[in-house]
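The structure appears right after this line, and notes come after that.
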There are 2 protein chains.
Amino acid sequence: MATGRTHRPATRSRGIPEATVARLPLYLRALTALSERSVPTVSSEELAAAAGVNSAKLRKDFSYLGSYGTRGVGYDVEYLVYQISRELGLTQDWPVVIVGIGNLGAALANYGGFASRGFRVAALIDADPAMAGKPVAGMPVQHTDDLEKIIEDNGVSIGVIATPAGAAQQVCERLVAAGVTSILNFAPTVLSVPDGVDVRKVDLSIELQILAFHEQRKAGEDLAADDVVPPVAAKQPRKGPDGDVPAVMPA
Amino acid sequence: MATGRTHRPATRSRGIPEATVARLPLYLRALTALSERSVPTVSSEELAAAAGVNSAKLRKDFSYLGSYGTRGVGYDVEYLVYQISRELGLTQDWPVVIVGIGNLGAALANYGGFASRGFRVAALIDADPAMAGKPVAGMPVQHTDDLEKIIEDNGVSIGVIATPAGAAQQVCERLVAAGVTSILNFAPTVLSVPDGVDVRKVDLSIELQILAFHEQRKAGEDLAADDVVPPVAAKQPRKGPDGDVPAVMPA
DNA sequence: ATATGTGAAAAGGTTCACAGCA
DNA sequence: TGCTGTGAACCTTTTCACATAT
């Protein structure tokens, strides 16, 4: 298979830092809103506020794209929308398949933001024969048997996995074998893929757990904030459990 | 309202780096799988592979929690499960409300991973009166009018927003006013919240756009990989559009 | 006068490589 | 001997502050 030869660190692309790439969609959304309100120009300060970042970061981000602003004035909204869209590859059409049409898959299929910005749902695929032919979001669900044909016929390079965790790796492998090189994974599993395939994951329970961590800290702070405990003692006592321990001990 | 006084950089908590916190759920999932297979101990190498990270990173992450391993042996699975659970605050029960019971909200309500790990769906809330009383995931949907009462009665501190973008900010404000201090936002909007409230967002279209960026790069590479263009010339020409430009120009 | 664009400093995160302990 | 735990080196990202352009 003709995978691109040149191996590059994948965390960095054409000089645009990954952290910047991850924020471009945010800027684009804010700019699109301004564009719809026919706002002609915007300052880094205003746009940053709308995107929820600080202005220095935004300016630095834009500096990687080029000098698209005007000193003393700001940025031309329409022009920036175009430049960011082009940079993100949204001036072309990306056919996408969604595999796994359960509750979540159906929700994704119905999600409007999909179609609007360069993405087109080319097919909905499910392993359940009872689903085949049923319309979801105005589209007939197709059976997994035809996955390879669907990918090839539609030139799909982006796949969305919304199956149960147990099926995800197998679906992933079939997608990749059929030519998909970018995967958005909603299943709570680590997918392993060959080099050259990008995977991004969206994981509800991970997000909740991160929130719980901070939530717990807030609660603990209220109780222990002004205690006599000095910062250093606040560190977890090493090797010794500081409360009841469940069952097993290290050794 | 009694918000914790001490303002800390929020990006760092009790000495555990944010990047580490974000990976703990991953380790926990891998460990839980091992635990279910009754594997007693695991090396950093094995566990790292299961979690999809490298072993040095994993060891460094664990070093922030304490010295929970045994040199020459590895980590005790059950013990680590407990320690990480405790660190993440999963040894306690977190009641959660989901606001916006459309396709996505229903999918979230039905998501099993919710209940399993410390989280409990306390209520489903929707603004549509026609939804009120309807059972979703074995639970009656309640009306937005009762939002404040539901939050208070159940001691909810974590809210999930799955409404349309237009409603999200308003829902957010009501949640926060009622006492919620952590929000998981699925609506494609930037939420503004007071200090002390954590927001995490899950945004399908942002993830897709990031994938499209890399996908575009892959395609471009195949065409231009061995071109005469030196790396420096591959940078975007500044100030000058390098192709057709849509309509407007900066100035 | 005003707001961009960017070097330089600071902070945060990852990887290396090996000392230290079982 | 084998694997953890961790300083030190390295890389990425953020922030600062100001020169530069309109």
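Just so it is clear: chains get the letters A, B, ... in the order the sequence lines come, proteins before strands, and each one is counted from 1.
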Next on the checklist: Checking A:Lys218 against B:Asp198 for the side-chain contact (heavy atoms from CB on, under 4.5 Å) test, could you report, in this order, the C-alpha distance in whole Å, the side-chain angles of both residues, the deciding distance, and whether it holds?
Outcome noted: CA-CA 10 Å; A:Lys218 290 178 204 163; B:Asp198 280 312; 3.3 Å; yes
Next on the checklist: Go through it in stages, so that I can follow the logic: the residues are A:Val160 and A:Val96, the test is side-chain contact (heavy atoms from CB on, under 4.5 Å), and I'd like the CA-CA distance, side-chain angles, deciding distance and then a yes or no.
Outcome noted: CA-CA 7 Å; A:Val160 176; A:Val96 168; 3.7 Å; yes
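With C:dA22, D:dT6, C:dG13 as the candidates, the nucleotide lying closest to the side chain of B:Glu18 is C:dG13. Of all nucleotides listed (C:dG5, C:dA3, C:dT14), C:dA3 comes nearest to the side chain of A:Ser43. Counting only heavy atoms from C-beta on, A:Arg59 has its side chain closest to D:dA17 among C:dC16, C:dT14, D:dA17.
Contact between the side-chain N/O atoms of B:Ser44 and the OP1/OP2 oxygens of D:dT4 is found at a separation under 4.0 Å. Put simply, A:Tyr64 has no side-chain N or O that comes within less than 4.0 Å of OP1 or OP2 on D:dT13.
Rounded to whole Å, the distance from CG on B:Asp61 to C1' on D:dT4 is 14 Å. The CG-C1' distance, from B:Leu65 to D:dT6, rounds to 14 Å in whole Å. Distance A:Asp76 CG to D:dT22 P: 16 Å, rounded to the nearest Å. The interatomic distance linking A:Leu58 (CG) with C:dG5 (P) rounds to 10 Å, in whole Å. In this structure, A:Glu45 atom CD and D:dC16 atom P are separated by 12 Å, rounded to whole Å. Between the C1' atom of D:dG5 and the CD atom of B:Gln83 lies a distance of 16 Å, rounded to the nearest Å. For the pair B:Lys57 NZ and C:dG12 C1', the computed distance is 13 Å after rounding to whole Å. Taking atom OH of B:Tyr27 as the reference point, atom P of D:dT4 lies 13 Å away to the nearest angstrom.
Within the 4.5 Å cutoff, side-chain heavy atoms of A:Leu28 are placed close to those of A:Val81. Contact of the B:Glu18 side chain with the A:Ile210 side chain is registered, since non-hydrogen atoms from C-beta on lie closer than 4.5 Å.
Annotation: of the two residues near DNA chain D, A:Asn54 and A:Val73, the 5′-most nearest-nucleotide partner is A:Asn54. Each of A:Ala56 and B:Ala56 was matched to the nucleotide of DNA chain D holding its nearest heavy atom; the match closer to the 5' end belongs to B:Ala56.
Outside the 6.0 Å centre-distance limit, the rings of B:Tyr68 and B:Tyr75 are not counted as a close aromatic pair.
More than 12 heavy atoms of other residues, nucleotides or ligands lie within 6.0 Å of CD in B:Gln92, so this atom counts as buried by the packing criterion.
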Got a list of protein N/O to nucleotides 7-10 of chain D N/O distances below 3.5 Å?
residue : atom : partner : partner atom : Å
D:dG7   : N7   : B:Lys60 : NZ           : 3.3

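Among the heavy atoms of the strands lying under 4.0 Å from A:Tyr75 are primed sugar atoms or P, OP1, OP2 only; no base atom is included.
Applying the salt bridge (Lys or Arg N to Asp or Glu O under 4.0 Å) test to pairs two or more places apart or on separate chains, those with a residue in residues 22-35 of chain A are A:Arg23-A:Asp61, A:Arg29-B:Asp203.
Contact annotation: side chain of A:Arg71 to base of C:dT4, donor-acceptor pair present below 3.5 Å.
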